[in-house]
Amino acid sequence: MDYQPRDIEQRWRKYWEENEIYKVEVDHNKPKYYVLDMFPYPSGAGLHVGHPLGYIASDIFARYKRLKGFNVLHPMGYDSFGLPAEQYAIQTGIHPAISTEKNINRYREQLENLGFSFDWSREVRTSDPSYYKWTQWIFMQLFKHYYDQDADKAMPVETLAERFAKDGNANVKAVCDDDTPAISAADWNGMSEKEQNEFLLHYRLTFPEESFVNWCPALGTVLSNDEVKDGVSERGGHPVERKLMKQWSMRITAYADKLLEGLNHIDWPESLKEQQRNWIGRSQGASVRFALEQDADTKIEVFTTRVDTIYGVTFMCLAPEHDLVDQLTTPEQQEEIEKYIKWTASRSERERMSEVKQVTGAFTGSYCINPFNGEKVPIYIADYVLAGYGTGAVMAVPSGDQRDWNFATHFGLPIIPILDAQKDIETAADPTKEGKYINSGIIDGMTYDEAIPTLTNWLEERGLGKGKIQYRIRNAVFSRQRYWGEPVPAYWKDGVPYLIDESELPLVLPAVDKYLPTEDGDPPLGRAEGWKYQDQYEYELSTMPGWAGSSWYWYRYMDSQNDERFASKDAVQYWQAVDLYIGGSEHAVGHLLYSRFWNHFLYDLGLVPEKEYAKKLINQGMIQGVIESIFMEKSEAKDKRFVSADLLDQYPDTEWAQMPVHVDFVSDYGSEQSHLDKDGIEKFKEWRPAFANATFITNDKGQIVTKSEVGKMSKRYFNVVNPDDVIDRYGTDCFRMYEMFLGPIEQAKPWDTKGIDGVIKFLRRFWSLFFDGNGEFAVSQETPSKEEMKILHTTIKKVTEDIERFNFNTCVSAFMIATNDLKKMKCNKAAVLKELVVLMAPFAPHINEELWHRLGEEGSVHKASFPEYDEKYLKEDSITYPIAINGKTRATADFPADASKADIEKAAQELDTMQKWLEGKTIRKVIVVPGRMVNIVVG
RNA sequence: GCGGGUGUGGCGAAAUUGGUAGACGCGCUAGACUUAGGAUCUAGUGCCGCGAGGCGUGGGGGUUCGAGUCCCUCCACCCGCACCA
């Protein structure tokens with residue numbers, strides 16, 4: 001009987017469902033293991049091509065852990081709030097809930113087609129009120145808490161109010177807005193309720209504040225930096241302006257240190273941790289205040305990580321947007337400064353970033369005074385200084401910083417050496433910390449480690465500065481002017497936000513007539529009728545961002561039906577945290593940072609047991625596609641010309657446009673020889689009837705050579721490979737094994753099916769081990785030979801070790817080798833095959849379930865226990881050693897496994913085959929590495 | 001400019017602590033079986049050379065008896081970024 005994947009797969013999937021094979025409950029008699037995938041956004045295009053890779057890997061690991069006796073939580077759900085559904089609603093008027101439901105059903109089908117072992121009874125959807133009830137609840141907790149630096153955790157705002165009533169805020173060490181005024185107890189007690197509530201917003205972990213946003217009037221919405229290209233919206237090309245808007249914000253800065261520190265305790269890819277560290281950007285340094293020459297009371301504050309270089313300061317640089325620029329500009333310099341400011345305002349961030357080599361700036365005409373030596377320091381503005389970071393002002397040290405050096409050289413400013421170890425500062429800056437200070441007043445002759453405290457103390461004694469830690473992470477804007485998101489459970493009274501009562505959760509998204517902003521520019525919720533708290537106070541009109549729902553979802557899986565709590569205490573206590581989390585690295589500084597922030601907060605409240613919710617994280621690489629394009633003449637002519645890419649240089653005067661073609665038409669797709677042959681050209685004409693009469697200038701082989709590029713798989717490039725098609729042809733098991741066989745999961749790679757035949761061949765061969773020449777199922781009950789046991793146990797060892805290291809590609813190789821070896825020996829011993837079936841079941845769950853039952857075993861193979869290897873079958877009688885002379889292998893020889901080093905050393909030199917190499921040479925040394933090799937060193 | 005990563009046959013890739021580089025698969029070559037095969041099986045396949053042998057893990061240098069692996073240096077490509085003072 002031939003291997004028929006489709007029959008087998010359908011039958012066993014049904015069996016698993018009927019017998020609830022993958023259902024999991026809290027079980028205190030078993031150790032738990034939690035395998036989590038990043039849940040998908042259900043887009044209209046179907047399951048994203050990058051997803052199966054990660055999902056297959058996590059499924060294999062989940063199945064493996066189950067076989068190893070763990071109680072495995074392996075759930076799946078949908079991150080179902082998002083912009084595409086809203087845009088679709090704007091176009092069609094269809095409620096996003098309806099289109100989302102449809103997409104989810106499609107995803108569910110595709111996921112089931114991949115044979116995953118999810119416990120679907122735990123499915124979550126972030127857009128479901130029973131889910132977002134708890135997203136809103138967590139938001140409320142954030143509003144109700146502030147970050148207390150003495151307790152080093154979040155504390156209830158009520159306790160803060162009590163302290164204000166007693167002592168004011170002078171002794172409160174808490175994370176708050178920079179402009180929080182100092183108040184006394186009397187001040188506080190004299191405030192009205194509204195004033196008190198307003199004041200507390202300076203401390204709450206989520207709070208409304210005026211912040212600049214990219215506002216696009218035409219689209220009536222706020223855009224991310226990414227959606228703005230050259231000052232216009234990416235979609236539609238509408239103008240975008242900077243606008244101040246009241247936005248909810250999350251005080252993630254309060255957790256900056258904990259988020260940094262936590263990275264030391266989790267097993268995440270080092271590169272991803274580094275990205276988060278850079279994003280948080282903790283730098284230790286000092287702030288220094290430079291008084292103006294013209295007005296000693298006005299001071300420019302700078303932040304520097306190298307306060308030790310302060311005697312090398314030869315100019316000061318402000319961001320063009322700095323508050324003091326107007327005041328500093330002298331009448332003579334007015335024109336130049338204005339011109340420069342105008343010029344920088346016209347430059348996009350992209351331009352400012354890419355043109356780093358060009359030195360630009362302008363002199364304000366004013367000076368400030370270096371507090372250490374009283375020197376006059378000229379003040380410039382330059383757009384390499386960013387208004388948004390630190391104080392928007394930099395003290396420039398040309399001898400120690402290359403950018404400052406470039407600027408000084410360009411404007412003819414002095415360059416003062418400050419360390420005796422600095423070299424060649426005439427040609428470039430030298431940022432060294434080595435050596436002793438020179439030209440440096442109070443720190444002359446000191447080293448770096450001595451200088452820093454000396455300077456900081458000096459500054460602090462005089463109130464001119466202090467040691468300071470600066471972060472570059474900013475509070476996270478939490479409002480979206482959109483419909484399809486969680487409503488914020490707050491209302492406005494007298495211009496101050498209040499929370500609704502917890503008993504009123506969930507605050508369900510109201511119906512609206514249109515999904516567009518109102519005429520007044522309010523978000524879509526402004527259209528909802530009666531959208532008022534107790535019919536009098538307007539609810540918050542913005543909704544939450546996409547990352548809200550995904551910042552805690554792993555807890556909901558633990559107890560997804562709970563109405564009383566986000567998850568029961570029991571469930572959270574049992575499942576604790578995610579043991580293995582798999583997803584893409586594109587979430588490095590978005591989801592993976594925000595979710596850690598929320599988790600730290602929930603931990604502070606005692607609601608969850610671990611500070612870090614994901615102990616181990618693996619990034620699966622993106623599977624890319626190949627974009628194949630042909631060249632079409634740019635002309636007004638009705639019938640265009642197309643040219644083979646290898647003939648382009650014969651038409652130097654013609655302009656050609658690149659046009660993507662469907663990859664199905666392309667021969668040798670993805671290679672340098674990729675081309676449309678005669679057949680392909682016909683298919684292309686059929687596909688694009690407008691070009692039926694076009695001219696095709698082919699090369700001498702009659703081909704139109706195409707240009708191949710690796711890039712995103714996307715509908716617009718006609719290069720999407722749908723997993724369903726591959727599965728229809730080869731079966732789920734083959735698809736799963738092939739994706740694993742492609743290479744390491746972390747690696748990005750273009751999708752191609754070139755090697756899939758090897759995997760299907762292997763599965764057929766594996767299947768044939770269980771059948772005789774007539775196609776009848778036939779296994780032998782005989783005791784396996786020593787040789788057969790060796791193959792089995794080598795494979796068990798290899799696969800066990802490789803699964804633990806997530807080297808799934810080499811596991812597949814091991815299965816292939818074992819199958820080939822057993823096939824050669826015509827081994828059909830049930831005792832060997834049964835173990836192999838369990839071993840392979842995580843990778844190819846269906847075929848192995850079938851074979852398990854044919855072997856007469858009870859129950860599901862997925863409830864069996866993973867085989868253990870026995871060292872005794874792995875021992876060799878003899879070991880083949882390579883024998884080298886000066887590192888160059890010249891012969892091999894077998895020695896008994898228990899031979900001593902001395903025996904091997906002696907025997908190796910006496911080998912007949914070695915004599916011709918050793919003739920006339922003097923042996924200086926013989927190196928024997930037991931079990932490995934012999935190297936004879938000759939003179 | 002900064003940060004991170006990658007570089008091994010025609011292709012996807014293997015290679016515990018430095019120890020026979022290229023496992024496994026694709027492709028290719030030859031053969032077997034077939035009416036036929038894009039099915040199956042067998043053998044071969046890093047490069048140069050008839051051969052002995054030589055050369056080979058992006059380039060150059062170093063440490064070592066021995067380097068894909070460790071160190072220095074240069075190059076190429078990819079990803080991220082908010083010029084982070």
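Nothing here was measured: the structure is a model prediction, and the numbers come from that model. Every chain is numbered from 1, with letters handed out A, B, ... down the list of sequences.
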task: Measure the distance from OH on A/Tyr738 to P on B/C24 and round it to the nearest whole Å.
output: 18 Å
Nearest-Å distance for atom pair NZ/P, residues A/Lys761 and B/G38: 12 Å
message: If I take atom CD in residue A/Glu746 and atom P in nucleotide B/G7, what distance separates them, rounded to the nearest angstrom?
response: 12 Å
Atom-to-atom span, CG of A/Asn619 to C1' of B/C79 - whole angstrom: 12 Å
- prompt: Within the side chain of A/Gln915, is there an N or O that forms a donor-acceptor pair under 3.5 Å with the backbone of A/Gln909?
  reply: yes
- line: Whole-Å distance, A/Asn820 CG to B/C24 C1', equals 9 Å
message: Counting only side-chain heavy atoms from C-beta out, which of B/A82, B/C24, B/A85 sits nearest to A/Thr305?
response: B/A85
- prompt: Whom does B/A15 pair with, Watson-Crick or G-U wobble, provided both distances fall under 3.5 Å?
  reply: none
- request: Could you tell me whether A/Met933 contacts a base, only the sugar-phosphate backbone, or nothing, with contacts defined as non-hydrogen atoms closer than 4.0 Å?
  value: base
- line: In terms of heavy-atom contacts, A/Lys797 and A/Leu874 come closest through CD-CD1, 3.4 Å
- prompt: Counting just side-chain N and O atoms, does A/Asn809 come under 4.0 Å of either OP1 or OP2 of B/A14?
  reply: yes
- prompt: For atom C1', what is the distance between B/A15 and B/U20, given to the nearest Å?
  reply: 12 Å
message: Please verify the inter-ring angle class for A/Phe843 with A/Phe815; under 30° counts as parallel, over 60° as perpendicular, anything in between as tilted.
response: perpendicular
- prompt: Step by step, would you call A/Glu270 with A/Arg277 a salt bridge (charged side-chain N to carboxylate O under 4.0 Å, His left out)?
  reply: CA-CA 10 Å; A/Glu270 207 41 57; A/Arg277 284 190 194 108; 3.3 Å; yes
statement: From the candidates B/G4, B/A14, B/A85, the one with an atom nearest any side-chain atom of A/Glu274 is B/G4
task: Measure the distance from CZ on A/Arg472 to P on B/G3 and round it to the nearest whole Å.
output: 12 Å
message: Whole angstroms only, please: what is the CD1-C1' distance between A/Ile885 and B/G19?
response: 16 Å
query: Between A/Asp401 (CG) and B/C2 (C1'), how many Å, whole number?
result: 12 Å
message: With rounding to the closest Å, how many angstrom separate the P atoms on B/G44 and B/C26?
response: 15 Å
- request: Answer with base, sugar-phosphate or nothing: what part of the nucleic acid does A/Arg765 contact at a heavy-atom distance below 4.0 Å?
  value: sugar-phosphate
- request: Tell me what A/Asn935 touches on the nucleic acid: a base, only sugar-phosphate, or nothing, going by heavy atoms under 4.0 Å.
  value: base
- prompt: When rounded to the nearest 0.5 angstrom, what is the spacing between CG in A/Leu839 and CD1 in A/Ile803?
  reply: 6.5 Å
field: Nucleotide nearest A/Ser271 (side chain, heavy atoms from C-beta), chosen from B/C65, B/C24, B/G4
entry: B/G4
message: Under 4.0 Å, heavy atoms only, any strand: does A/Arg764 hit a base, just the sugar-phosphate, or nothing?
response: sugar-phosphate
message: Counting distance alone, no hydrogens or angles: does the base of B/U16 have a donor or acceptor under 3.5 Å from a partner atom on the side chain of A/Arg932?
response: no
statement: The Watson-Crick or G-U wobble partner of B/U34, with both key distances under 3.5 Å, is none
- line: Answer for the Watson-Crick or wobble partner of B/C77, both distances under 3.5 Å, is B/G5
task: Just compare B/C24, B/A82, B/U20 and give me whichever is closest to any side-chain atom of A/Pro882.
output: B/U20
message: At 4.0 Å (heavy atoms only), tell me whether A/Gln747 reaches a base, stays on the sugar-phosphate, or touches nothing.
response: sugar-phosphate
query: If you look at every strand shown and take non-hydrogen atoms under 4.0 Å, does A/Ile927 touch a base, only sugar-phosphate, or nothing?
result: base
- request: May I ask you to say what A/Arg890 touches in the nucleic acid, namely base, sugar-phosphate or nothing, with a heavy-atom cut-off under 4.0 Å?
  value: sugar-phosphate
query: Would you call the rings of A/Phe407 and A/Phe315 parallel, tilted or perpendicular if under 30° counts as parallel and over 60° as perpendicular?
result: parallel
- request: Look through every strand shown and name the nucleotide pairing with B/C28 as Watson-Crick or G-U wobble, where both distances are under 3.5 Å.
  value: B/G44
